[in-house]
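First comes the structure, then the notes that go with it.
Order of the sequence lines sets the chain letters (A, B, ...), proteins ahead of strands, with each chain counted from 1.
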Amino acid sequence: MTAVTDHGPAADRARARSAAARGPGSRRRLRTPWRTRLEILFFVTPALVLFAVFLVVPVVQAGRYSLYDWNGLGPMDDFVGLANYASALGNEVFRGAVGHNLTIVVLSILIQLPLGLGIALLLNREIRGRTALRVIIFVPYVLAEVVASVVWFMLLQPNGAIDALLESIGLGGVVQLWLGDPDVALYTVMVVLTWKYLGLAVILMLAGLQGVPEELYEAAQIDGASWWQVQRRIAVPLLSPTIRTWVFLSMIGSLQQFDMVWILTAGGPANSTTTMATYLISQGTDRSLYGYASAVAVLLFGISFVLAALYQTFVLRPRSERRPETEVGR
Amino acid sequence: MKHPTRMASAVALGASIALLAAACSGGSDEGSTGEASEGADVTLTWWHNSNNEPGRGFYEQAAADYEADHPGVTIEIQALQHEDMLTKLDAAFQTGDTPDVYMERGGGELADHVEAELTMDLTDVAADAVETVGGSVAGWQVDGRTYALPFSVGVVGFWYNTELFEQAGITEAPTTMDEFDDAVSALRDAGIAPVSVGAGDLWPAAHFWYYFAVRQCAQDVLSEAVTSLDFSDECFLRAGEDLEHLIGTEPFNEGFLATPAQSGPTSASALLATGQVAMELAGHWEPGVMQGLTEDQLGLGENTGWFPFPQVDGGEGDPAATLGGGDAWACSADAPPECVDFISYLLSDDVQIGFAENSMGLPTNQAASGSVADPALADLLTVRDSAPYVQLYLDTAFGENVGGAMNDAIGLMFAGDASPQDIVDAIQSAAGTA
């Protein structure tokens, strides 16, 4: 409670302090927490209610639905235990979807991390048109995912703009059925995802670079370090908290990927791009297997949760433990 | 000092909760009208998908005429875009807040609604109207009881571009699969993509398998299988083999696995409408869809041609049998009794003739048969009425779950990933777990 009181309005604190100095401050203290509590309640209630109504209740409900064979109509009375989970885990398409999600997670990090880092380091220099370049790189991220997907969908049609472009620069030979070939579609989606989300990586890393003190660069330059050495020994190590956070965001986003895939391929062709989210939507709303789709949703939640927890434990925690070192370094 | 502050906080707190509560429960007080309706004023809510002219205005007029003849009855219309209507209906069925008059597509979906007691049994209360509609009503019956009145039933066949056929030197529309194969090669030799299929949406691809099943299987085998979901008869394997052969001849547009059915300029319908392919397997809706996809609103215009799905070698099905489906008016289970009278009125000679004159579909009331304005639809009506039977689209017939699993498996065959046996297995296993 004391900690909370400390955060109260400055006026209150001042009054409380002077009351305490006067001696008979106990009554005063009793009253202040009441007010503070009300204040907290007032500010927190809307958020808590929203949290409960739109998050806790649905999650609990999904858990409940997942134990029934239910088509969404009439009473839910066909209790099947864990059968929905068993059939999801035994389903080839679902397992494929998990594989696609993990592919997206890994490829996103492998592609976007070096690219994002490289671009951020370059854009951190004093070059002409830097602001314009930053804007250009960030624009795809600001664009609504649905809008971007529809545009790419049109561009990627057979004999569409992308094919025409490739042919005009003499690369007609690489033209594929970008969205229509089961062996290619997932990689096409990956390219579009990279285009879309690279901006976020760049902006985050640029922000992180702003936190690297100028003196360190200067000191290194005085010591005769090359630009490359400065980046490698100073900028990148000091950027690592930002990078870890970005990896975390990217991972969670990849696991929940829906919009882009849904519009570009709807999980097809031949289930070659299904993600867990598109699979659960197609099973739930298209097939009316609400119990089964809920089981898939719970599995998606579980997988994301476990990966997030593991990452938190093994990657994000050491950062906070190492932090004093960095602090000393500064 | 203390009290006002607390009061203020408490009031504000209460207000924020109340606001949230209000936001959550907004607008739930509709639809509770007209349950006890003896002599009192009744309001019927009616959802339909004719959200464009002339259909929209036609239905408004029909409702106004009905209101004029039936004082005390008010009809509240919501004209929704088709997909929006389906989404809204799904939600309405789950919350029990269904409109009084709505559209049923029949088959397994209807069976689910009947099982959940959401739909009114019309067998006795609308006996006359059921008789008017005749044989078409079969797709909307469950266990011999009728639950909806079909107002438009169409058939699926090949729509083709007569000009492109001419260019390829094809003088007669193919009547057998062998002739069809020849037509495909003739078109390809002339540099024309033969067939477009919206396999990205699965069902247009699945229609090929359904039709091969209609051609390969005797009527009683097929109708038996639709109810028992037992697909052990060998004719279903032959349907898959026929499809495998057809896919092997590579008749489809480039990138067909990702082609949407009807939406946008790259859809299968648009490819046909803009002369980029010679034909497409589609239902009675195709001319209308193509009109919407072309700038001049004419679709293929005078070059529109139609031929029935060709016959297959050794098929046991009637060569004149067709695959089709349609829409029917239904009353929700708790709709006031006036609902039955109103949907019977929608099937009356007058309304169905107007429906036909506006080319809104293929009327089921024989009295309207001569009134279909659009020549392409009029031809289809003849085909439908001379068919020994119209098999409801199999995915609709089986319901969303089994139908969806079947369409997925057929889609896999189009991608070269499923055998004829896989399709049969997929249906059986979905049916077993349904």
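- Side-chain contact between B:Pro265 and A:Met154 is present, with at least one heavy-atom pair separated by less than 4.5 Å.
- Shown here is B:Glu117, whose CD atom has no more than 12 heavy atoms of other residues, nucleotides or ligands within 6.0 Å.
- Looking at A:Tyr290, only its side chain comes within 4.5 Å of chain B, counting heavy atoms on both sides.
- For the pair B:Pro260/A:Phe153, a side-chain contact is recorded, criterion being any heavy-atom separation below 4.5 Å from C-beta on.
- Counting heavy-atom pairs closer than 4.5 Å to chain B, the top-ranked of the candidates A:Leu179, A:Leu73, A:Leu177 is A:Leu73.
- For the pair B:Leu257 and A:Pro182, the minimum side-chain heavy-atom distance is below 4.5 Å.
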Derivation of the side-chain contact (heavy atoms from CB on, under 4.5 Å) call for A:Asn271 and B:Leu412
CA-CA 8 Å; A:Asn271 301 319; B:Leu412 285 179; 4.0 Å; yes

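- Other residues, nucleotides and ligands contribute more than 12 heavy atoms inside 6.0 Å of the CZ atom of A:Phe79.
- Inter-residue side-chain proximity for A:Val93 and B:Asp408 is flagged as unmet; no heavy-atom pair is nearer than 4.5 Å.
- The candidate with the highest count of non-hydrogen atom pairs below 4.5 Å against chain A, out of B:Ala415, B:Gly255, B:Gly404, B:Ala258, is B:Gly404.
- Counted within 6.0 Å of OH on A:Tyr187, heavy atoms from surrounding residues, nucleotides or ligands total 12 or fewer; the atom is thus considered open.
- In this structure, OG1 in A:Thr285 is found 11.5 Å from CG in B:Leu86, a value given to the nearest 0.5 Å.
- Put simply, CD on A:Gln157 and OG1 on B:Thr266 are 3.5 Å apart, with the number rounded to the nearest 0.5 Å.
- Taken from CD in B:Glu115 to CG in A:Asn71, the straight-line distance is 7.0 Å, to the nearest 0.5 Å.
- The environment of CD in B:Glu250 is sparse: at most 12 heavy-atom neighbours from other residues, nucleotides or ligands sit within 6.0 Å.
- Contacts between B:Ala405 and chain A at a heavy-atom distance below 4.5 Å involve backbone atoms as well as side-chain atoms.
- Here the CG-OG distance, from B:Asp112 to A:Ser288, works out to 7.0 Å after rounding to the nearest 0.5 Å.
- A pairwise comparison of heavy atoms in A:Arg287 and B:Glu400 identifies CD-O, 3.4 Å as the closest pair.
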